[in-house]
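Have a look at the structure below before the remarks.
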Number of protein chains: 2
Amino acid sequence: MATMRDVARRAGVSAKTVSRVFNHDPHVSVVTKERVETALRELNYVPSTLSTTFRSGRAPVIGVAVPDIADPFFGALAKAVEAVAAVHGMSVVMTSLGEDPTREPAIVQSLLRQSLSGLVIAPIAGDQSYLDAWVARTRLVFVDRRASGIVADSFTEDDHAGAQLATRHLVEHGHVRIGFLGDSTAIPTSRGRLVGYRAALLDAAIDYDESLVVLGALDRRSAAAAFAALERLEEPPTAIFASNARVTMSLVPVLRGHGHLALAGFGDFPMADMLDPSVTVIDQDPAALGTLAAQRILDRLAHPRRRYRRHTVLPVELVERASCLSTG
Amino acid sequence: MATMRDVARRAGVSAKTVSRVFNHDPHVSVVTKERVETALRELNYVPSTLSTTFRSGRAPVIGVAVPDIADPFFGALAKAVEAVAAVHGMSVVMTSLGEDPTREPAIVQSLLRQSLSGLVIAPIAGDQSYLDAWVARTRLVFVDRRASGIVADSFTEDDHAGAQLATRHLVEHGHVRIGFLGDSTAIPTSRGRLVGYRAALLDAAIDYDESLVVLGALDRRSAAAAFAALERLEEPPTAIFASNARVTMSLVPVLRGHGHLALAGFGDFPMADMLDPSVTVIDQDPAALGTLAAQRILDRLAHPRRRYRRHTVLPVELVERASCLSTG
DNA sequence: GCCCGCTGTGTCACCGGTGACATGAAATGT
DNA sequence: ACATTTCATGTCACCGGTGACACAGCGGGC
């Protein structure tokens, strides 16, 4: 691929002059300009971002680190980040953090070595103090979950209010024994949702029964096992609150086999309205998270000393469908 | 962030020596090595990939350009690419090409300016000759759809056989009037599936009726419109073949309202087995496409002059569920 | 005629890790 | 004891676009 010096040689000028022509610097004579433009065209010059990136020490790239890029929630989030980045001539590097919190630091740091302009991260580990050294260099924005161990911007959704809303909704449909099915309380979002669930019970003066809280529902098999644990209770639940979309989806086939319990889940998912019964959910807006996060990175790049709101919590809303109507 | 020269100054050696220690070059005395290692630790040195990338002219990055990264199919594909790349210390830049084929060249070229090690692309345009200049520099691998206008590796799925299989399946369930609902025949995959559909009809000695082929079913609304066009026919279809998962999903609510037609779709999707009726589909393997594509890029990087099979077509299989049983 | 400013263009250095090569000292071989 | 190899370490240049600065030539104002 032709470099600027190649073009310069062909046009009989210095590389700097080519640079000027390429960047529409007015201080170039018309004759020179035309000669250079011809050479540019003839050599099919395409500038490499490498040198500018190297010189500036900052790649025109925004990183996105999420638990799983194939998850529709994070897919939508990433897509939104990319849309914002593209408008500003930036690219997006993506990485899946997976399930193992201990691997998070290594994965994220190998991303950061690329001198990203910013990083949007939905962490899986309980502590991000390993990012301490990077806070000054890279604009870090947390989404879905707040940072812990460091101070960084965050855009999250109202886990507490959403879970409270969904649980209250089940209570209003006459349920008293409401199970909480989740993945792991190591994840802050799940913790927040559990707290919201408890708050709704408290509001309704329903005693909190720890045996109704079952974790580890990661896929259909483990969801079945978790559900079985609830069924074995002396007083099994008549309704279930699923702490995220993955749990809800894993639960659908399980509930199908075991009579109809009421179900409400945190997080909408494709086809939720087409299932029988259609699933009542708390609707999140991953695209909004992504857009805001990307925007914040660009804002901070453009205005390094401006001050911003540290934590933004987006409201969520209940999408009422049929699954909360049925009773065991 | 500390550079090698910073470390060198602190340890009282040259930058090169630091480089040697960092890369475990045995030609360093134990004393020096320890002094350097201390300095490395004290300054918390993390190498920047920027300089090496610049010098080598090749970023340790694989690009992934797909129509929509939020689509579960491409999400799974991207995830697989990333998994392979991560093992080799590489990152993945992703970009959505969107819907407008005319924007593809600009989007892809802005990716390529980053001197990627390779690019995995599922194109939306009908012609990739704009990539001509890049073939020599960047390892291009096409997935899901072949390249047109240039010679490049491809990994695709057997659109023809899959569509033929699904259509034959519907025929075997007694259907003669089978509608074909698709997005656009500008997309090569859709074209291939249409051909497969026609082949199955031919096999069964069923006349091909062009009015049974309706395109433009991109979302629920347009799918409804497309379906309405079929319903208006004098002899409406009793079964429908949907040319991709997005069409199938858009069609689910539409069919719900209009009596039960048999349905088979190309491409599985989450919850397809939980719908009522569960949807018979042709199962694709996006992760396999992603893995193979990434692997090919790494292979070509490692063995530049080795020869490879240009085009690989992966088999697909029918997942029989309930939707093909019901009859209008 | 001199200074000033403006214009068009060129030169140089820089960003940071590392390959190619050099250098001086110690170790080994004869 | 001297030649030769090995070893530890250093110096330099490079990758490519561009900011800082230089400089020659020219026109205008005094």
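Each chain gets a letter, A, B and so on, in the order its sequence line appears, and its residues count up from 1. Only this structure's heavy atoms are used, side chains among them; waters, hydrogens and symmetry mates stay out. Being a predicted model, the structure only gives us computed values, none of them experimental.
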**Prompt:** Separation of A/Arg5 atom CZ from D/dG17 atom P, in whole Å?
**Reply:**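 Spelled out: CZ on A/Arg5 to P on D/dG17 is 7 Å.
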**Request:** Rounded off to whole Å, could you give me the NE2-to-C1' distance for the B/His27 and C/dA20 pair?
**Result:** 15 Å
**Asked** Is the number of heavy atoms from other residues, nucleotides or ligands within 6.0 Å of CZ (B/Arg310) greater than 12?
**Response** yes
**Request:** Among B/Val7, B/Leu40, B/Thr17, B/Val36, find the residue that satisfies the side chain to side chain contact (heavy atoms under 4.5 Å, CB included) test when tested with B/Phe22.
**Result:**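 Only one option passes, and that is B/Leu40.
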**Prompt:** Only one of B/Asp100, B/Leu97, B/Leu112 forms a side chain to side chain contact (heavy atoms under 4.5 Å, CB included) with B/Ile107, so which one is it?
**Reply:** B/Leu97
Closest to the [X] side chain, choosing from [options]:
X: A/Lys16; options: C/dG10, D/dG16, C/dA20; value: C/dG10
X: A/Ser14; options: D/dT9, C/dG10, C/dT9; value: C/dG10
X: A/Arg55; options: C/dT9, D/dG17, C/dA20; value: D/dG17

**Request:** Could you check whether B/Thr3 gets within reach of a base, just the sugar-phosphate, or nothing at all, counting any heavy atom under 4.0 Å?
**Result:** sugar-phosphate
**Message:** Applying a 4.0 Å non-hydrogen cut-off, can you work out what B/Ser56 is touching in the nucleic acid: base, sugar-phosphate, or nothing?
**Reply:** nothing
**Request:** Give the intermediate values and the outcome of side-chain contact (heavy atoms from CB on, under 4.5 Å) for residues A/Ile124 and A/Arg145.
**Result:** CA-CA 9 Å; A/Ile124 55 167; A/Arg145 305 132 196 228; 4.0 Å; yes
**Complete:** Walking DNA chain D from its 5' end, the first of A/Met4 and A/Arg20 to be reached, judged by nearest nucleotide, is A/Met4
**Request:** Could you check B/Ala15 against A/Thr52 and say which one's nearest nucleotide on DNA chain D is further toward the 5' end?
**Result:**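 Closest to the 5' end, via its nearest nucleotide, is B/Ala15.
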